[in-house]
Undergrad: 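Got a structure for you, questions after.
Quick note on labels: first sequence line is chain A, next is B, and so on, each numbered from 1.
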Amino acid sequence: MGISKYEKVIDYAIKKGFLWQSYEIYGGQAGFYDLGFLGVLLKNNIINLWREFFIRRHQEFVIEIETPVITPSIVFKASGHEENFTDYAVECMQCHRIFRADHLIEEKLNVSIEGLPAEDLERLINENNIRCPICNGMLGNVKKFLLLFQTYIGPYSPENLAYLRPEAAQGMFINFKRVYDLARRRLPLGIAQIGKVARNEISPRQGPIRLREFTIMEIEFFYDETNPSCDLLYDYCTEEKILILTAEQRQRGEDKPISISPAEAFNDGIIKSPWLAYWMCISNKFINALGVPNGYSYFEEKLPNERAHYSKQTFDQMVVVDKWGRVEVSGHAYRHTYDLERHIMFSKADLYALRQLKTPKTIKRIDIQYDKMAILKTFGSRAGEVFKAILTTSKDELLKIISSTQGDNIVLNNITIPKNIFNIVEVEEQQWVERFIPSVSEPSFGAERLMYIALEYAYNEQEDRIVLRFPAKIAPIKVGVTPLVDREPLKQFARKVYEILKEHYYVLYIEGGTIGKKYALADELGIPFIITIDYDSISNNDVTIRERDSKRQIRVPFSDLLKVINLGLNNHDIFSIGYPVIEYYS
RNA sequence: GCGGCGGUCGUCUAGCCUGGUCUAGGACGCCGGCCUUCCAAGCCGGAGAUCCCGGGUUCAAAUCCCGGCCGCCGCACCA
């Protein structure tokens, strides 16, 4: 099989100090990675690019918040994670294969056994003599795996169980009402969050691809199902195609995705939520901007049994990678009203949105009126007690008492009151506003996986050298500066340029070795532009700018340097703006 | 968790089978010096290794044995 690109990229990334395994001096710990300075720069650039695509460009209706990682257990009871993030595994005593205990039982007995504890599963296995489906050996004890990290809040409160969040989403759901109010109760509304999450994976083995702690970038996008207001989908997502491998296709065993525009996919019912489609459209553009060309990523619809408990429809955005064929970089879940409903149920909080109706809804309800004058006349000085009795009884209850009592009188607080004092009427009310639970579509990205993707797609081997072809926007170091040879006065000039550029960018100043070696070093770090100071620079007060991928250079007056670098870093073609282009010095 | 394979300067590795000559050799990289006017030239010098950890066998362990840790591959897991 040979060494895969993954190994090469990771070797390279470790060597250059992008990342390395955490807790090395104690032997390391699987599922955790540290970032070095290049890694931090790259990750921050990716996060900021995500912010640009998903938040800044939608700032009228997408709002970023930040909420804690440590979360009281009640939140994940409500969200369903406490129940659904638990796996029950059982091992065959004979062949040592491991199976999901619940899956085995459900298959064999054809019943749903959600939420049963380990002892019950074990009992079911024994009672029904369920054996290993491969070798028919006896099965061992059922073991429980909780994929949430547990902790306790406060030193004296071991009963205050808490979890590290496995997704940032719950922080957004919990804050829905507050942000909705801040946004002047307008939908659609996106709440975005970027932060650390933790999942206690059983055996993470794919380096930075599968971590126990990672950075998630999510939007919970709330909208009115009856009025999605998703014009953007038709404004921006009708031309460009995305690739989708539908659940139907997968069930038929097909693996060739269809090519369709997001707007079309929604119209055809392939994507069930317009906003899910819109964010998939943006996600596709975003992945392109990280250096993944069209055709190298697609959306895979999850089968119903593969979906998370909260999702009505899920697409995983897959990017083609050398080692595993593809890797999931984002999940797009149509969470619908599930989470808000659950939090309303558990917290009793009002997490409803309001909808203005075009025509008022007429609501009929029964009302009880009573004759104040008659009460005064009948009860005289005791009227006050009667009013109190009536007011402290709820309308529903009063209605029940009146309708269920035979005869002409009812008894309230030991006071006998004639029925004819009450008048039961049907009133019609017009409602212009309606409460409802908004629907949610969620795009969710893992930052570290994107880092790996960016590295793998940037990684190029040219003869015996490595060039990292990062898009300028995410390149950790933006500019290099070097004297052509390490002699004065070139060094002095180069250092001056370095000092100026440092004000604006991360810059690498290079001395030592030959010019070829310096360029190679800069290419290896993915630096998009390198500025060389030669002897002509001294006499003409200008510099050369070399572009990483083409190796071509232009000669630019010193005074224009910043302007040109800025253009270059913003994806303008610096070779077509009029400065002399040098294909190659010899 | 189970099974297979592996772990030696920063990196890649020689040595392990057949214990001693290994105060562990080399290359790349790094540091210092010389040289160098455009794509990883050359020369000189230097620093750099708990041989993964612990225990055992032995006069003697990088080398043999046991346990542990970590990694890779397969089973399983991966909302």
Side-chain angles (χ1 to χ4, degrees), chain A residues 1 3-4 6-7 10-12 14-17 20-31 76 79-81 83-101 103-104 132 134-135 140-141 143 145 147-148 166-167 169 197 199-207 209-212 302 305-311 314 316 323-324 327-328 331 333 335 442 444 446 462-467 482-487 490 512-524 530 532-538 544 546 548 551-553 582-586:
Chain A
M1 183 177 130
I3 183 164
S4 74
Y6 169 80
E7 270 84 33
I10 292 299
D11 277 358
Y12 158 83
I14 291 171
K15 203 173 288 181
K16 289 293 171 187
W20 54 84
Q21 215 193 357
S22 300
Y23 309 109
E24 270 180 338
I25 67 164
Y26 290 107
Q29 180 68 63
F76 292 118
S79 73
H81 284 84
E83 188 180 304
N84 291 288
F85 246 56
T86 308
D87 284 339
Y88 292 98
V90 65
E91 187 179 342
C92 169
M93 310 291 276
Q94 196 172 297
C95 69
H96 297 294
R97 283 189 178 85
I98 298 217
F99 305 94
R100 285 276 296 266
H103 287 181
L104 280 185
C132 171
I134 305 288
C135 74
N141 292 340
K143 282 181 221 154
F145 294 106
L147 299 182
L148 298 173
E167 57 168 16
V197 300
R199 302 174 183 186
N200 207 355
E201 304 280 5
I202 293 171
S203 99
R205 269 186 202 160
Q206 292 153 25
I209 296 291
R210 222 170 120 223
L211 296 170
R212 288 193 164 114
K302 302 318 292 179
N305 64 339
E306 294 171 333
R307 287 202 298 256
H309 58 281
Y310 49 68
S311 180
T314 300
D316 283 348
K323 183 165 183 179
W324 298 286
V327 85
E328 177 194 339
R335 299 179 79 132
E442 171 203 73
S444 171
Q462 298 179 351
E463 284 125 47
D464 56 341
R465 42 199 279 174
I466 293 168
V467 179
T482 189
L484 183 61
V485 288
D486 298 347
R487 291 242 170 98
L490 305 190
T514 60
I515 190 64
K517 207 166 168 178
K518 292 166 172 180
Y519 289 157
L521 173 69
D523 290 347
E524 216 173 63
I530 182 159
T532 308
I533 311 302
D534 57 21
Y535 286 103
D536 291 340
S537 303
I538 307 297
T544 63
R546 170 188 178 270
R548 179 192 61 212
K551 297 182 180 173
R552 289 190 299 167
Q553 287 173 276
I582 299 127
E583 288 294 335
Y584 213 77
Y585 282 95
S586 57

Undergrad: Would you confirm whether A:Lys518, through its side chain, and A:Pro483, through its main-chain N or O, come within 3.5 Å as a donor-acceptor pair?
TA: yes
Undergrad: How far does the C1' atom of B:A62 sit from the matching atom of B:G25, given to the nearest Å?
TA: 13 Å
Undergrad: Tabulate protein N/O versus nucleotide N/O from nucleotides 27-36 of chain B, keeping only pairs under 3.5 Å, one per line.
TA:
| residue | atom | partner | partner atom | Å |
| --- | --- | --- | --- | --- |
| B:U36 | OP2 | A:Arg487 | NH2 | 2.4 |

Undergrad: State which residues pass salt bridge (Lys or Arg N to Asp or Glu O under 4.0 Å) with A:Glu328; sequence neighbours excluded, sorted by chain then number.
TA: none
Undergrad: For the P atoms, the ones on B:U63 and on B:G6, what distance do you get once it is rounded to whole angstrom?
TA: 15 Å
Undergrad: Should the side chain of A:Arg210 and the base of B:C77 be counted as holding a donor-acceptor pair, with the cut-off at 3.5 Å?
TA: yes
Undergrad: For A:Tyr6, check ring pair (Phe, Tyr, Trp, His ring centres under 6.0 Å) against everything at least two apart and list the hits.
TA: A:Trp324, A:Tyr452
Undergrad: Rounded to whole Å, please give me the gap between OH in A:Tyr519 and C1' in B:A40.
TA: 13 Å
Undergrad: Rounded to whole angstrom, note down the P distance from B:C65 over to B:G7.
TA: 13 Å
Undergrad: Taking the C1' atom in each of B:G19 and B:G42, what is the distance between them to the nearest angstrom?
TA: 43 Å
Undergrad: Regarding B:C39, can its base be found pairing with the side chain of A:Asp523 as donor and acceptor, where the two atoms are less than 3.5 Å apart?
TA: no
Undergrad: Searching all strands shown, indicate the nucleotide that pairs with B:U37 (Watson-Crick or G-U wobble; both distances under 3.5 Å).
TA: none
Undergrad: Applying a 3.5 Å limit to both distances, which nucleotide forms a Watson-Crick or G-U wobble pair with B:C2?
TA: B:G74
Undergrad: Which value, in whole Å, describes the distance between the C1' atoms of nucleotides B:G48 and B:G32?
TA: 15 Å
Undergrad: Roughly how far apart, to the nearest Å, are B:C9 and B:A24 at atom C1'?
TA: 10 Å
Undergrad: What's the CD-P distance between A:Glu7 and B:U11, to the nearest Å?
TA: 17 Å
Undergrad: With both distances under 3.5 angstrom, what nucleotide forms a Watson-Crick or G-U wobble pair with B:G45?
TA: B:C31
Undergrad: By salt bridge (Lys or Arg N to Asp or Glu O under 4.0 Å), which residues pair with A:Arg487, not counting sequence neighbours?
TA: none
Undergrad: Just compare B:C78, B:C38, B:U37 and give me whichever is closest to any side-chain atom of A:Thr544.
TA: B:C38
Undergrad: Counting only Watson-Crick or G-U wobble pairs whose two distances fall under 3.5 Å, which nucleotide matches B:C64?
TA: B:G56
Undergrad: List for me each residue that meets side chain to side chain donor-acceptor pair (under 3.5 Å) alongside A:Asp536, sequence neighbours excluded, and say none if there are none.
TA: none
Undergrad: Is there a donor on the side chain of A:Gln553 or the base of B:C38 sitting less than 3.5 Å from an acceptor on the other?
TA: yes
Undergrad: Could you tell me whether A:Glu524 contacts a base, only the sugar-phosphate backbone, or nothing, with contacts defined as non-hydrogen atoms closer than 4.0 Å?
TA: base
Undergrad: Mind calculating the distance between CD1 (A:Ile14) and C1' (B:C12) to the nearest angstrom?
TA: 14 Å
Undergrad: How long is the line joining CD of A:Glu583 and P of B:C39, in whole Å?
TA: 14 Å
Undergrad: Starting from P on B:C78, measure out to CH2 on A:Trp324 and report it in whole angstrom.
TA: 17 Å
Undergrad: Just name whichever nucleotide pairs with B:C9, Watson-Crick or G-U, keeping both distances under 3.5 Å, else none.
TA: none
Undergrad: So, OP1 or OP2 of B:G71: does either fall under 4.0 Å of a side-chain N or O from A:Gln21?
TA: yes
Undergrad: Considering only the C1' atoms, how many Å lie between B:A40 and B:U50, rounded to the nearest integer?
TA: 34 Å
Undergrad: If you take atom types as modelled and just measure distance, does the side chain of A:Arg546 reach the base of B:C39 with a donor-acceptor pair under 3.5 Å?
TA: yes
Undergrad: Test of understanding: with side chain to side chain donor-acceptor pair (under 3.5 Å), list the residues that count as partners of A:Lys302, not counting sequence neighbours.
TA: A:Glu300, A:Asp316
Undergrad: What's the gap between B:G68 and B:C5 when it is taken at their P atoms, as a whole Å value?
TA: 15 Å
Undergrad: Indicate the ring-plane relationship of A:His81 and A:Tyr310, choosing parallel, tilted or perpendicular according to the 30° and 60° boundaries.
TA: tilted
Undergrad: Could you state the atom-to-atom distance from NZ of A:Lys15 to P of B:U13 in whole Å?
TA: 10 Å
Undergrad: A:Thr314 or A:Tyr6: which one's nearest nucleotide on RNA chain B is closer to the 5' end?
TA: A:Tyr6
Undergrad: B:C78 P sits how many Å from A:Leu147 CG, rounded?
TA: 7 Å
Undergrad: Specify the residue among A:Thr532 and A:Pro166 whose closest nucleotide of RNA chain B lies further upstream toward the 5′ end.
TA: A:Thr532
Undergrad: Give the minimum heavy-atom separation between A:Ile533 and A:Leu490, together with the two atoms involved.
TA: O-CD1, 3.8 Å
Undergrad: Using atom types as modelled and distance alone, determine if a side-chain donor or acceptor of A:Asp523 lies under 3.5 Å from a backbone N or O of A:Val467.
TA: no
Undergrad: How long is the line joining CD1 of A:Ile582 and P of B:U37, in whole Å?
TA: 18 Å
